[in-house]
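These notes are about the structure you will find just below.
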Amino acid sequence: MWINLLKADEQVTNILSLRERRKSGKIIFYRLVKAGQNFGIRGDQKVSTLKLEDLYQIKILKEKVLQNNDQLIKKFEEIKNIGQRYENILDSIDEGVYVVDTKGNLCFYNPALERLEGYKAENVLGKHVTELYPLDWESSLLLKAITTGKPILDYYQEYFLNDRQINIICNTVPLYTNGVVSGAASIVRDFSRFKEMVEKNLDLQEKLVNKNARAGMKSQDEEIYFSFGQIIGENSSLKECISWARAAAKRESPVFIFGETGTGKELFAQSIHMESVRAKGPFLALNVAAIPETLLEGILFGTSKGAFTGAINRVGMLEQANGGTLFLDEINSMPTTLQAKLLRVLEEKKIRRLGDNEAISVDVRIISSCNVEPVEALEKGQLRNDLFYRLAVVYLVIPPLRERMDDLEMLSSFFIQQYNQLLRLNIQGLSDEVFQAFRSYYWPGNIRQLKNCIECAMNIVPHNADMIKIEHLPKYLRFSQCQLKDSIFNEIEDSEINRIKIALKKNNGNIARTATQLGMSRQSLQYRIKKYNLK
């Protein structure tokens with residue numbers, strides 16, 4: 001049968017439905033031409049020979065193309081829905097989000113940014129960042145992330161836009177597609193809100209301190225402070241630490257406390273304060289790691305009007321703690337430049353507010369703490385040597401819970417009785433299975449983790465129960481792996497002790513040569529010799 005190729009297409013499409021014909025369109029015709037070429041037919045020929053079986057093959061091909069087309073449309077819809085879902089999430093969060101392509105043109109700008117900067121998304125999308133902000137390829141974080149391929153984290157920026165001052169902390173990251181940079185994204189937080197919240201807290205704290213000072217009272221109620229009598233335990237290392245802390249409380253020297261997270265460093269700091277001559281003065285605590293670097297200096301030293309935009313005359317915590325104690329937790333998180341200023345305060349007993357040249361005398365005792373080994377912090381440059389030696393006149397080491405398992409039953413009983421009163425229960429103790437599991441666990445969160453674990457169990461136990469059982473404990477406590485983890489740590493420690501012993505013997509006890517051979521500093525070796533009692 002002699003037919004034109006186009007007429008062949010008509011015959012095929014007559015067999016198929018009108019819907020399929022509409023969906024196929026030009027794609028089917030292109031496939032038909034290709035199919036015709038496979039059968040020895042050229043697209044430019046007006047007449048070609050098509051047998052009935054050829055027509056059947058073309059129909060099958062067309063059906064396959066339609067099927068593939070449906071799959072592509074379905075896949076496209078899925079991707080579109082996922083993209084829409086993520087866009088809705090980004091539109092609903094409080095943080096501002098920019099996204100730019102490789103040329104620096106904005107392709108995403110969420111409502112949080114609209115509220116922060118005063119722009120409308122429809123007016124900025126597609127524009128280059130240098131059109132909207134006084135920036136170039138060197139000063140723009142988004143453009144820099146594109147050119148370097150590296151993230152820029154926790155960066156503080158202050159700028160004016162649409163007649164408003166904007167303070168932000170931003171994290172900017174390059175975006176990759178198949179291993180190639182395809183743009184950049186920046187997530188920003190309104191720093192002015194955080195700053196305002198901190199300043200309000202400082203105002204309240206300042207008013208409280210001034211009020212109590214005028215009344216000749218303590219800075220806060222006595223019962224909220226801990227004392228040595230509330231430190232629970234009979235472990236020999238703990239009792240030695242308490243003994244040293246009691247002795248230090250009678251003097252005025254700075255105290256440095258080392259202990260893992262959850263061991264009770266602030267409990268010791270408050271106890272020292274309460275047993276000192278400064279007990280009637282204020283006790284202020286500051287977690288250094290929780291305060292952004294840009295705010296920390298002003299919080300510690302205070303600010304003077306005009307020091308920076310929006311600055312007012314404000315008393316810092318060193319002044320507020322005058323006549324009392326200031327506890328600086330995680331001091332290894334303090335910037336080294338600020339550590340130098342703190343060292344000067346310790347030596348001169350004077351401070352200067354930010355933006356002011358006038359020296360103000362202060363009488364404050366500093367108690368500081370660190371949750372990593374000081375030797376490690378010194379080696380990594382997180383803590384200045386001169387500041388550490390000045391702060392650690394009295395050095396306390398609080399043992400972790402895993403090293404005072406003899407106190408486990410006493411501590412557990414104390415927390416159980418505490419929550420019995422609070423929750424009106426009558427739990428008598430731990431089951432044998434739970435007690436053995438507790439003894440074998442590594443307790444990375446120490447006393448705080450034990451307390452929270454028992455609190456969880458006390459919320460789960462039936463009201464008529466009298467024992468905490470294994471099924472009442474939090475699921476994250478993988479007790480089946482505890483013994484293995486404990487043995488691994490013991491093996492590592494034993495291996496290190498043997499290495500040090502062999503090296504010391506080989507070098508006839510010479511510390512310097514032994515440290516060099518082991519590839520560690522003299523300070524680090526001396527710390528380990530004392531830790532493992534290698535005398």
Salt bridge (Lys or Arg N to Asp or Glu O under 4.0 Å) partners for Glu455, two or more places apart
none

Show me the pairs that pass side chain to side chain donor-acceptor pair (under 3.5 Å) and involve residues 233-244, at least two apart or across chains.
Glu234-Lys239, Asn235-Asp406

Qualifying residues under side chain to side chain donor-acceptor pair (under 3.5 Å), relative to Thr172, sequence neighbours excluded
Ser186

For Glu348, which residues count as a side chain to side chain donor-acceptor pair (under 3.5 Å) partner, sequence neighbours excluded?
none

Sequence neighbours excluded - salt bridge (charged side-chain N to carboxylate O under 4.0 Å, His left out) pairs with any residue from residues 324-341:
Glu297-Lys341

Please collect all salt bridge (charged side-chain N to carboxylate O under 4.0 Å, His left out) contacts where either partner lies in residues 382-397, sequence neighbours excluded, each pair once.
Arg384-Asp386

List the residues meeting salt bridge (Lys or Arg N to Asp or Glu O under 4.0 Å) with Glu131, not counting sequence neighbours, and say none if there are none.
none

Applying the side-chain contact (heavy atoms from CB on, under 4.5 Å) test to Leu383, which of Val375, Val372, Ile331 qualifies?
Ile331

Which residues satisfy the ring pair (Phe, Tyr, Trp, His ring centres under 6.0 Å) test with Phe258, sequence neighbours excluded?
none

Evaluate the ring planes of Phe283 and Phe327, with Trp represented by its six-membered ring, and classify them as parallel (under 30°), tilted (30 to 60°) or perpendicular (over 60°).
parallel

Going by the rule salt bridge (Lys or Arg N to Asp or Glu O under 4.0 Å), which residues pair with Arg404 if we only count those two or more places apart in sequence or in a different chain?
Asp407

Could you pull out all residues at least two apart from Thr102 that satisfy side chain to side chain donor-acceptor pair (under 3.5 Å)?
none

Report the relative orientation of the aromatic rings in His128 and Trp137; use parallel for angles under 30°, tilted for 30 to 60°, perpendicular for over 60°.
tilted

Residue list, salt bridge (Lys or Arg N to Asp or Glu O under 4.0 Å) with Lys380, at least two apart or on another chain:
Glu376

Non-neighbouring partners of Lys250 that pass side chain to side chain donor-acceptor pair (under 3.5 Å), sequence neighbours left out:
Glu275

